[in-house]
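Here the structure is laid out as structure tokens; the discussion comes afterwards.
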Amino acid sequence: LAPLVDAVLSHAQAQIAPLGQFGVYADVDLICRSIERFHRLMRAVTGFVELARLSHWSMVVAGLTSSISELIEPRLREVVPDVSRALRRREGHDRLDSDQLLIALNGCYVLAAVREARDSLALNALFDQAWNQLGQALEMHVQRNLEVFRQSPSDQTTAARLDAAIKMSELRFNTDYADVLRRARDSASKRAS
């Protein structure tokens, strides 16, 4: 069984490389798949093999978990500030920053992937903080943007910002909540027609 465990741990180690991508055009789908794959591999090893406390394999698992968590940590710290920057109206000449919206949406996807894999990562406290703060920030920004949209449904910038906020809310909360927000948006749009 030892070669099989070594192979699984080697494949888990291969999931580290995609997490080194940063910036607007990082392949977030690949990052999320790597997090999910790492989680499944760690569950396979720790669920089916009893690892002694100071064994070679347990030290490898601890090292991999630490490495993956260190790469994900900066992303989790930036999710809420990125979402706030993307969804906040600018005074004066309001414009939509599509790069900032993409960064914020990507952060929400990574946070959702971490939520599913949190048992295999060393990020519980940071995840809980980011998850709760994201929920509060989204509720506030959705409400503000919905109010502005009700006052001016023809404002394409606000409409796009509201659509992005609804998508982020779907990732953070659930599809039912996002559907309620979509109905509220559609209702405001019909009232203006």
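Pairing each heavy atom of Asn145 with each of Arg161, the nearest pair is OD1-CD, 3.4 Å. Taking every heavy atom of both residues into account, Phe38 and Ala12 meet most closely at CD1-O, 3.7 Å.
Ser169 places a side-chain N or O within 3.5 Å of a backbone atom of Ala165 that can act as its donor or acceptor partner. At distances below 3.5 Å, at least one donor-acceptor pair connects side-chain atoms of Arg90 with backbone N or O atoms of Arg88. Although no hydrogens or angles enter the test, the distance criterion places no donor-acceptor pair under 3.5 Å between the side chain of Ser10 and the main chain of Asp6. Looking only at distances, a side-chain donor or acceptor of Thr46 sits under 3.5 Å from a matching main-chain atom of Met42. With hydrogens and angles disregarded, no donor-acceptor distance shorter than 3.5 Å links the side chain of Glu78 to the backbone of Gly107. A donor-acceptor pair under 3.5 Å is formed between the side chain of Ser55 and the backbone N or O of Ala52.
Contact check for Arg185 versus Asp163: side-chain heavy atoms found under the 4.5 Å cut-off. In this structure, the side chains of Leu9 and Leu41 stay at 4.5 Å or more apart for every pair of heavy atoms. Contact check for Cys108 versus Arg172: no side-chain heavy atoms found under the 4.5 Å cut-off. A 4.5 Å side-chain heavy-atom check between Leu121 and Phe127 finds every atom pair outside the cut-off.
In summary, Glu147 and Arg144 do not engage in a salt bridge, as defined by a charged side-chain N under 4.0 Å from a carboxylate O. In summary, Asp29 and Arg33 engage in a salt bridge, as defined by a charged side-chain N under 4.0 Å from a carboxylate O. Salt-bridge check for Arg182 with Asp179: passed, with a basic side-chain N closer than 4.0 Å to an acidic carboxylate O. Salt bridge annotation for Lys167-Glu170: present, with a cationic side-chain nitrogen under 4.0 angstrom from a carboxylate oxygen.
If you chain together hydrophobic residues whose side chains sit under 4.5 Å apart, Leu126 and Leu134 fall into the same group.
The number of heavy atoms from other shown groups lying within 6.0 Å of CZ (Arg85) is above 12. Annotation for Met140: atom CE counts as buried by contact number, over 12 foreign heavy atoms lying within 6.0 Å.
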Please report, to 0.1 Å, the donor-acceptor pairs under 3.5 Å made by any side chain of residues 15-22, with sequence neighbours excluded.
{"from": "Gln15", "atom 1": "OE1", "to": "Arg37", "atom 2": "NH1", "distance (Å)": "3.1"}
{"from": "Gln15", "atom 1": "NE2", "to": "His11", "atom 2": "O", "distance (Å)": "3.0"}
{"from": "Gln21", "atom 1": "OE1", "to": "Asp27", "atom 2": "N", "distance (Å)": "2.8"}
{"from": "Gln21", "atom 1": "NE2", "to": "Pro18", "atom 2": "O", "distance (Å)": "3.3"}

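Through direct or relayed side-chain contacts under 4.5 Å between Ile, Leu, Val, Met, Phe, Trp and Tyr, Ile103 connects to Val24, Tyr25, Leu102.
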Between Ile31 and Tyr109, does a side-chain contact (heavy atoms from CB on, under 4.5 Å) hold up when you go through it step by step?
CA-CA 9 Å; Ile31 290 168; Tyr109 276 109; over 6 Å; no
Show your reasoning for whether side-chain contact (heavy atoms from CB on, under 4.5 Å) applies to Val80 and Gln136.
CA-CA 9 Å; Val80 176; Gln136 294 167 357; over 6 Å; no
Using side-chain contact (heavy atoms from CB on, under 4.5 Å), reason through Leu162 and Ile166 one step at a time and then give a plain yes or no.
CA-CA 6 Å; Leu162 183 58; Ile166 291 171; 4.1 Å; yes
Show, in sequence, the C-alpha distance, side-chain angles and deciding distance for Ser66 and Ser69, and conclude whether the side chain to side chain donor-acceptor pair (under 3.5 Å) test is met.
CA-CA 5 Å; Ser66 176; Ser69 298; over 6 Å; no
Could you go step by step and tell me if Val114 and Ile72 meet the side-chain contact (heavy atoms from CB on, under 4.5 Å) rule?
CA-CA 9 Å; Val114 168; Ile72 296 171; 3.6 Å; yes
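Listed by first then second residue, pairs satisfying side-chain hydrogen bond (donor to acceptor under 3.5 Å, both in side chains) with a partner in residues 115-124 read His39-Ser120, Arg118-Asn124, Arg118-Asp128, not counting sequence neighbours.
Taking CZ from Arg75 and CD1 from Ile35, the interatomic distance works out to 7.5 Å, rounded to the nearest 0.5 Å. Taking CG from Leu105 and CG from Leu171, the interatomic distance works out to 6.5 Å, rounded to the nearest 0.5 Å.
Under 3.5 Å, the side chains of Asp155 and Thr158 contain a donor-acceptor pair of N or O atoms.
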